[in-house]
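Worksheet for the structure shown next.
In what follows, chains are A, B, ... by sequence order, proteins preceding strands, each numbered from 1. Please read these numbers as outputs of a predicted model, since none were measured by experiment.
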Amino acid sequence: MAELLLDSAIRFWVFMPIVVITFFVGMLRHYISIITAGEKPVDKQQVADSQALIRTRILRENGKYIPKEGFVMRKHFFVNEENGYLTTQQGRQAPIRNPITDPTMMTEMLKNNISNMVPMIVIGGVINWAFSGFLCTKVPFPLTYRFKPMLQRGVELATLDASWLSSVSWYAINIFGQRGINNLLLGENNAADQTKMMQDQMNMAAVSMPQDPSKAFKAEREGLLVVDHQWAFKNVENDVMSQRSYFRSR
Amino acid sequence: MQSAVEKLRTYREENYRSYDEIVQLWTEVLSKRNLSSLGDEKWLILEQVFKSALHSSRRSIAYECLEQLIKQFQSTSRRISILQGMYYESIGEYNKAEEIYSTLLKDNETDGIVRKRQISILKDQNKINEAISELTSYLEVYQADQEAWSELCDLYLSEHDYKKAAFCAEELLLINPHNHLNHQRYASICYSQGDYENARTYYFSTIKYNPNNIRALYGIILTSAHIKSTTNVENNNIIIEQILKKYKEQAPDLLPIVEKTLQDFI
């Protein structure tokens, strides 16, 4: 492929400005989200549920450190047929948080979408309008023909190597690439990071707990039913006396 | 002044408990300087000094810090209101503190910190039974809160309700099974109940996790005095040797007293 030489003006006036724009817009979005983030009212029931699940989990994991009576007592409390905590709570139908009908979730989703998608689209459009018609940069590795329509908007040259990029694709690469820098500067979980949000949308997983408590409780109950109590300290006296080197008679 | 600020920062981040030192740093170094050069850290330092002053009963210093914080943040801030409540608790104005806490709770029902402060008010006024019932209802929601279980264990011990204290100690063991202090606590409670077998087992598990725990070593000797069995005797002698060795290393002046006492057990 012919060696193309780009005007060095492109380097100063297109390449770097796009990097700078993406970065600062990301920062701006992060700080705006911090300012406008309302305090999420924590649902008491949710807290109780999550704490109960923590307690059943530690009972399962660490039950062998307490005496048998203690373990059996707690297991009974949780899984008893008639009035065990998990059995009664399992039957409770959590209110289904349908995203469309529930107003609070709707506004939150809307706010998220607006604050994330709109700037990206707007700035993408501006860049497309301002910096169209020429090549911006080249990726250092060869790409296949399939990438051309995606990466070379505005530059319709059938014979052009697919490695050459237009400004818009450079902008897109920046958005995903600067996640690392944003994490370093703004800490994890920053609002400028869009890839996580996109993944969430793709998975459409239900919001953390609401629909799940009955399922989670059911799983925990079954887990607890299976666990047997193996007291870790059955022979601890012999273990300790034989293992500790300085306990051996000098 | 910089070194003082850095020291305070380390204390904050690592949760040190050197209250007197913090207050001393404040009185000697920081209160005389203008702290606005520190920016936002100034408020964190003020809060830290406030809490340490309350711990060391230096009320005037606490009041100064509180005044400065209120001037900056007004009483509408939640965090400031909690600090105000703590100050009222320390001077004995429990009603005012209770008012503040109930208003805060009305805004946010799930605030654990405010509920715990309410319980500490009850404890201050020596209303142990009510404190226990409030704490149990708190624990019905927050089942995995280690601090709360520990506090409940202490409250039950002060009421000599060993059975329930043992339950709380078991909870702590579940949450943190490798902490030797939890084992020691549980063993001591079992011993007080008269459950010498269990106590002996858990004293041994304490040693398993921390061989330097003298209380556990003593505990083993004491429990074996109650459980007459042959296998214990040799183990006892080894343990007694161990105790004497530790005293020799660390507190040699006490060695003769200890030796005399342990003679009965050999």
Query raised in the report: For chain A, which residues from residues 137-153 of chain B have at least one heavy atom closer than 4.5 Å to it?
Result: B:V141, B:Y142, B:Q143, B:A144, B:D145, B:W149
Requested in this report: Count the heavy atoms of every other residue, nucleotide or ligand shown that sit under 6.0 Å from NE2 of B:H178, and state whether that count exceeds 12.
Outcome: yes
Query raised in the report: Which atoms form the tightest heavy-atom contact between A:V240 and B:F204, and what is the distance?
Result: CG2-O, 3.6 Å
Report task. Can you establish whether the number of heavy atoms outside B:R215 located under 6.0 Å from its atom CZ is more than 12? Result -> no
Query - Nearest non-hydrogen partners of A:Y65 and B:L173, listed with the distance - result: O-CD1, 4.0 Å
**Report entry** Contacting region of B:Y203 [heavy-atom separation from chain A under 4.5 Å]
**Finding:** neither
Report task. Keeping to residues at least two apart or across chains, list the salt bridge (Lys or Arg N to Asp or Glu O under 4.0 Å) pairs with something in residues 168-178 of chain B. Result -> A:R55-B:E171, A:R74-B:E170, A:R74-B:E171
**Report entry** Exceeds 12 heavy-atom contacts within 6.0 angstrom, atom CD of B:E197
**Finding:** no
Report task. Check whether more than 12 heavy atoms from other residues, nucleotides or ligands sit under 6.0 Å from atom NZ of B:K116, and answer yes or no. Result -> yes
Query raised in the report: Looking at B:L174 and A:N62, what are the two nearest heavy atoms and their distance?
Result: O-ND2, 2.5 Å
Requested in this report: First locate atom OG of B:S205, then atom CD of A:E237, and finally report the distance between them rounded to the nearest 0.5 Å.
Outcome: 11.5 Å
Requested in this report: State the CG-CD distance between B:D195 and A:E69, to the nearest 0.5 angstrom.
Outcome: 8.0 Å
Requested in this report: Step through the shown structure and confirm whether more than 12 heavy atoms of other residues, nucleotides or ligands are within 6.0 Å of CD1 on B:I113.
Outcome: no
Query raised in the report: Heavy-atom count around B:R79 CZ within 6.0 Å, excluding the residue itself: above 12?
Result: no
**Report entry** B:N198 to A:P67 - nearest heavy-atom pair and separation
**Finding:** ND2-CG, 3.8 Å
Query raised in the report: Between atom NE2 of B:H183 and atom CZ of A:F233, what is the distance when rounded to the nearest 0.5 Å?
Result: 4.5 Å
Query raised in the report: At what distance, to the nearest 0.5 angstrom, does CG of B:L172 lie from CD1 of A:I66?
Result: 11.0 Å
